[in-house]
Amino acid sequence: MKFPEHFLWGAASAAYQVEGAYKNDGKGPSIWDEFSKIPGKTKHNTNGQIAVDFYHHYKEDIALMAEMGLKAYRFSVSWSRILPDGEGKVNQEGLAFYEKVIDELQKNQIEPILTLYHWDLPEALQIKYGGWESRHTIDAFLKYCRVLFDNFGNKVRYWITFNEQNVFTSLGYRWASHPPNVSNPKRMFQANHIVNLANARAIQLFHQMVPQGKIGPSFGYGEVYPLTSSPADVLAAVDANQFNNDWWLDVYCRGEYPEKIMCLLKQMHIAPDVTIEDKKTLQAGKPDFLGINYYHGGTVKAPDTEKSTIEKNFDKIDPYLMAGDVQEDTPESRLFQSVENPYLDKTDWGWEIDPIGFRIALRQVYEKYRLPLIITENGLGAFDKLKDGQVDDQYRIDYLNEHLVQVGKAISDGVPVFGFCAWSFTDLLSWLNGYDKRYGFVYIDRNDYSPKSLLRIKKKSFNWYQGIIETNGGKLEVK
Ligand code: BG6
């Protein structure tokens, strides 16, 4: 199986999950620094204070990326490292850190892909304005974007605006499992609308300031299947796709919300307030490409009007399956009922494994929006074990092989996918699952309780991915 020439074989990370150095060199606190202090919110109260200390190990990690032959590295910038209070004075030391990272990547012919926002809002903006519930935060975000576009616009070609807006707004404002720890659907849809405006305005600004670059959001996409061919189940799946996917993607790519869902939210008095000016803003900020994060989709049947309980045994911290039994009358319970898919295996965390769903997802997104796609995340979280100095993660190789084969097939189907960033390069902090849920090609010697030696150890999958990159996909096993 061959991939297009210059395909960006990459890997991804996020600032809070790898950097550590949470208050070094002038960095201000983020909402995650504060939220992780609330007892019981994260596994074993783990946090990103040290994480895997990319801040001090970036040279070593980039050397490993170069050894692997990586063509692209997606990382995020911590907003409060650049603007410690979110909007005021620029912290030159913070800028200098990212400049060094970008230079080091480029020295090694690795394309930097820069995410502007991977969930770590400056705490100061949460306190001062109420975070994404306020339009002031849009102005602060634009100020932050301007600093980065100014400083790195001539170096970085690919930019991501928001990582998984669907996940951080839902978990943060609806299910209270992310900061700012709110459980209120009306507030969630309103905050989400504000983020949509910030996204569109940042894209507009980017197009003015960095005309040679490309920008787009990274969306956590999961195709939703009907459990049976009963028309009622099929309708439930159509609705679920609109609710889970189109609600965001239509706004990004078409500048408008899907009608059906907007009508429902209005009936339920939880719709966002959208002004005429807002509509113009959304229309004026369209992305150049879409980043797709793919882990799994879902399966639904028609809602059972008698009982609105969820049959699926949900993992309450799976970011892709919102914890629908917490609030009683929800839009979901009126549209669909989530069930397990009898055809799919699961990971140790109960996430369904569905490589064909990946091909379906890429096809659906492309045919609908006609934008180039890059996979900005895909990977397997597992309890890797270090034995005699080695990690045999054949299960990760199998997982990535199967998923990449489906990406290759989608490309043959005509979908312009220009890169694949595995999640993740090194092991890192899982927001709610601590350090035991490992995703990396490189094992990090640390656990939930101690940073230990932070030694970097190449896993079996490291050499495997190296071979895939070297042969431009030629070594993928098509079964
Ligand atoms: C995505 C996020 O939701 O999934 C990543 O963008 C995250 O930041 C990844 O780590 C895996 O999720 P989890 O919960 O297994 O860490």
Side-chain angles (χ1 to χ4, degrees), residues 10-19 30-32 35-36 41-44 46-48 51-52 54 73-78 113-121 160-172 175 177-179 195 216-222 244-245 248 290-298 314-323 346-354 358 361 374-384 393 395-396 399-400 403 420-441 444 446 448:
S13 71
Y16 180 75
Q17 296 177 275
V18 293
E19 283 179 5
S30 81
I31 52 174
W32 270 93
F35 179 75
S36 58
K41 282 290 176 186
T42 63
K43 178 147 174 265
H44 300 141
T46 40
N47 60 45
V52 298
F54 179 75
Y73 181 57
R74 172 182 177 230
F75 63 97
S76 79
V77 171
S78 156
I113 301 178
L114 189 158
T115 306
L116 289 159
Y117 186 83
H118 201 126
W119 307 353
D120 48 353
L121 184 81
I160 306 292
T161 49
F162 286 91
N163 180 71
E164 294 189 354
Q165 184 183 331
N166 50 334
V167 171
F168 82 81
T169 55
S170 301
L171 295 189
W175 305 116
S177 47
H178 276 199
V195 179
S218 273
F219 183 71
Y221 189 93
N244 290 353
N245 296 317
W248 284 274
L290 283 174
I292 299 294
N293 293 359
Y294 178 78
Y295 292 93
H296 62 77
F314 278 109
D315 175 354
K316 293 289 187 301
I317 51 174
D318 180 340
Y320 302 99
L321 297 171
M322 306 313 171
K346 294 192 186 123
T347 71
D348 289 338
W349 277 263
W351 293 19
E352 285 169 346
I353 302 175
D354 182 13
F358 203 178
I374 176 168
I375 312 310
T376 37
E377 283 182 35
N378 173 242
L380 175 71
F383 291 106
D384 297 335
D393 57 344
Y395 39 84
R396 178 166 295 108
Y399 179 100
L400 286 171
H403 283 75
F420 176 92
C421 294
W423 186 265
S424 51
F425 184 69
T426 62
D427 289 340
L428 39 71
L429 170 67
S430 169
W431 303 89
L432 302 178
N433 304 286
Y435 291 93
D436 277 344
K437 192 177 187 186
R438 295 172 182 271
Y439 280 90
F441 294 116
I444 304 273
R446 75 149 295 162
D448 286 355

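The basis for the numbers below is simple: all heavy atoms, side chains too, and nothing from hydrogens, waters or symmetry mates. All ligand and atom numbering here is 1-based and tracks the order in the structure.
Only the side chain of Asn163 comes within 4.0 Å of ligand 1, judged by heavy-atom distances.
Distances below 4.0 Å separate heavy atoms of Lys437 from the following atoms of ligand 1: 13 (P), 15 (O). Every atom of ligand 1 with a heavy atom of His118 under 4.0 Å away is listed here by number and element: 2 (C), 5 (C), 6 (O), 8 (O). If you number the atoms of ligand 1 from 1 as listed, the ones under 4.0 Å from a heavy atom of Asn433 come out as 14 (O). In the vicinity of Gln17, heavy-atom distances shorter than 4.0 Å reach the ligand 1 atoms 5 (C), 7 (C), 8 (O), 10 (O). Those atoms of ligand 1 that come under 4.0 Å of a heavy atom in Trp119, given as number and element, are 2 (C), 3 (O).
By the 3.5 Å distance cut-off applied to N or O atoms, Glu377 is counted among the residues near ligand 1. Looking at Glu164 next to ligand 1, an N or O pair under 3.5 Å apart turns up.
For Phe420, the ring pair (Phe, Tyr, Trp, His ring centres under 6.0 Å) criterion is met by no residue, not counting sequence neighbours. Partners of Asn163 according to the side chain to side chain contact (heavy atoms under 4.5 Å, CB included) rule, which considers only residues two or more places apart in sequence or in another chain, are Arg74, Thr115, His118, Trp119, Ser218, Asn293, Glu377.
Of all non-hydrogen atoms in Trp349 and Asp436, the two that sit nearest each other are CH2-O, 4.0 Å. The nearest pair of heavy atoms linking Val18 to Ser13 is CG1-CB, 3.9 Å.
Remark: Arg396 engages Asp384 in a salt bridge, criterion side-chain N to carboxylate O under 4.0 Å.
Put simply, the residue from Trp32, Tyr439, Phe54, Trp423 that forms a side-chain contact (heavy atoms from CB on, under 4.5 Å) with Gln17 is Trp423.
Between Tyr294 and His403, the angle of the ring planes lies from 30° to 60°, which puts this pair in the tilted group.
Ranked by closest heavy atom to atom 16 (O) of ligand 1, the top entry among Ser218, Ser430, Ser13, Gly434 is Ser430. Among Tyr439, Trp351, Tyr295, the residue whose heavy atom lies closest to atom 9 (C) of ligand 1 is Tyr295.
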